[in-house]
Novice: 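Pasting a structure below so you can have a look.
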Amino acid sequence: MQRNIILIGFMGTGKSTIGRNLSRALGYPLIDTDQMIVDQKGCSIPEIFEREGEDAFRDLESGLLKSLHKHTGYIIATGGGIVGRPENCQLLQRLGYVIWLTAKPEEIYERTSRNTSRPLLNCEDPQGTITKLMSERDPLYQSAAHLGIETDTLSFDEVTAGIIESARYFFCSESP
Ligand code: S3P
């Protein structure tokens with residue numbers, strides 16, 4: 001297993017922000033898979049979904065994850081749907097310590113309703129969509145992750161500190 005810290009979880013659970021905090025605190029470079037796809041394509045995620053469809057986005061996401069197999073010493077923040085493809089879940093586990101960030105559906109709705117950058121939630125019933133997608137994805141996140149952290153009542157700093165402590169312990173107990 002590589003010594004990366006990988007953040008997975010639903011939209012709005014703070015993966016990118018906490019990824020940036022971890023990167024700063026540990027001096028590990030940050031890879032944000034959404035941002036890398038945007039940079040690679042030169043357009044936004046809603047534009048990719050609109051022009052090429054969700055499957056094309058998922059292909060880019062899986063291809064990018066595969067290309068990271070030799071990376072070590074990184075913080076990797078992923079898009080919320082990355083667990084949808086079973087091969088991605090195996091790749092995530094091989095990359096390092098996988099943290100699942102969670103939040104209640106009401107909290108997710110509150111956090112995500114402020115912007116329109118998430119095409120799956122730009123729909124008539126975002127709350128219903130959140131509930132449905134979460135119930136489909138939660139078992140996938142759970143089986144891909146080494147640790148789950150509830151973010152509802154914690155600050156980003158508290159979550160960051162908790163991840164750093166647990167990662168130290170995790171990587172120490174992994175060493176021969
Ligand atoms: C998605 C989550 C988004 C982004 C895309 C699809 C999803 O990332 O990858 O809009 O399917 O949950 P965030 O989880 O960073 O919002």
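Whatever order the structure lists them in is the order used to number ligands and atoms, beginning at 1.
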Novice: Tell me which one of Gln35, Met11, Arg58 gets a heavy atom nearest to atom 11 (O) of ligand 1.
Specialist: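 Considering heavy atoms of Gln35, Met11, Arg58, the nearest to atom 11 (O) of ligand 1 sits in Arg58.
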Novice: Looking only at distances, can you tell me whether any N or O atom of Gly81, backbone or side chain, sits closer than 3.5 Å to an N or O atom of ligand 1?
Specialist: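 Yes: some nitrogen or oxygen of Gly81 is under 3.5 Å from one in ligand 1.
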Novice: Measuring from the heavy atoms of Arg137, does anything fall under 4.0 Å of ligand 1?
Specialist: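 For ligand 1, residue contact (heavy atoms, under 4.0 Å) with Arg137 is present.
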Novice: Checking Tyr28 against Tyr74 for the ring pair (Phe, Tyr, Trp, His ring centres under 6.0 Å) test, could you report, in this order, the C-alpha distance in whole Å, the side-chain angles of both residues, the deciding distance, and whether it holds?
Specialist: CA-CA 5 Å; Tyr28 288 15; Tyr74 282 80; 8.4 Å; no
Novice: For atom 10 (O) of ligand 1, which of Ala77, Gly19, Pro119 has the closest heavy atom?
Specialist: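 It is Pro119 whose heavy atom sits nearest to atom 10 (O) of ligand 1.
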Novice: Do Ile45 and Arg118 have side chains that get closer than 4.5 Å, going by heavy atoms?
Specialist: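 When only atoms from C-beta onward are counted, Arg118 and Ile45 do not touch, as no gap falls below 4.5 Å.
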Novice: Decide whether the shortest distance between a heavy atom of Met134 and an atom of ligand 1 is less than 4.0 Å.
Specialist: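 Per 4.0 Å heavy-atom rule, Met134 does not contact ligand 1.
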Novice: Taking only heavy atoms of Leu120, which atoms of ligand 1 are found under 4.0 Å from at least one of them?
Specialist: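 So the atoms of ligand 1 that pass are 7 (C), 11 (O).
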Novice: Please verify the inter-ring angle class for Phe170 with His146; under 30° counts as parallel, over 60° as perpendicular, anything in between as tilted.
Specialist: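 Judged by the thresholds at 30° and 60°, the geometry between Phe170 and His146 is tilted.
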Novice: N/O of Thr78 under 3.5 Å from N/O of ligand 1, yes or no?
Specialist: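 No, there is no polar N/O contact under 3.5 Å.
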Novice: I'd like to check which ligand 1 atoms, numbered from 1 as shown, lie under 4.0 Å from a non-hydrogen atom of Lys15.
Specialist: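 Contacts of ligand 1 toward Lys15, numbered from 1: 13 (P), 14 (O), 15 (O).
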Novice: Provide the number and element of each atom of ligand 1 under 4.0 Å from a heavy atom of Phe57.
Specialist: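 Contacts of ligand 1 toward Phe57, numbered from 1: 9 (O).
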Novice: Backbone or side chain, does any N or O of Ser16 fall under 3.5 Å from an N or O of ligand 1?
Specialist: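 Among all N and O atoms of Ser16, none is under 3.5 Å from an N or O of ligand 1.
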Novice: Ignoring hydrogens, what is the shortest heavy-atom contact between Phe156 and Gly14? Give both atom names and the distance.
Specialist: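 In terms of heavy atoms, the two residues are closest at CE2-CA, 3.9 Å.
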Novice: Between the side chains of Lys41 and Glu47, is the shortest nitrogen-to-carboxylate-oxygen separation below 4.0 Å, so that they form an ion pair?
Specialist: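 Salt bridge absent between Glu47 and Lys41.
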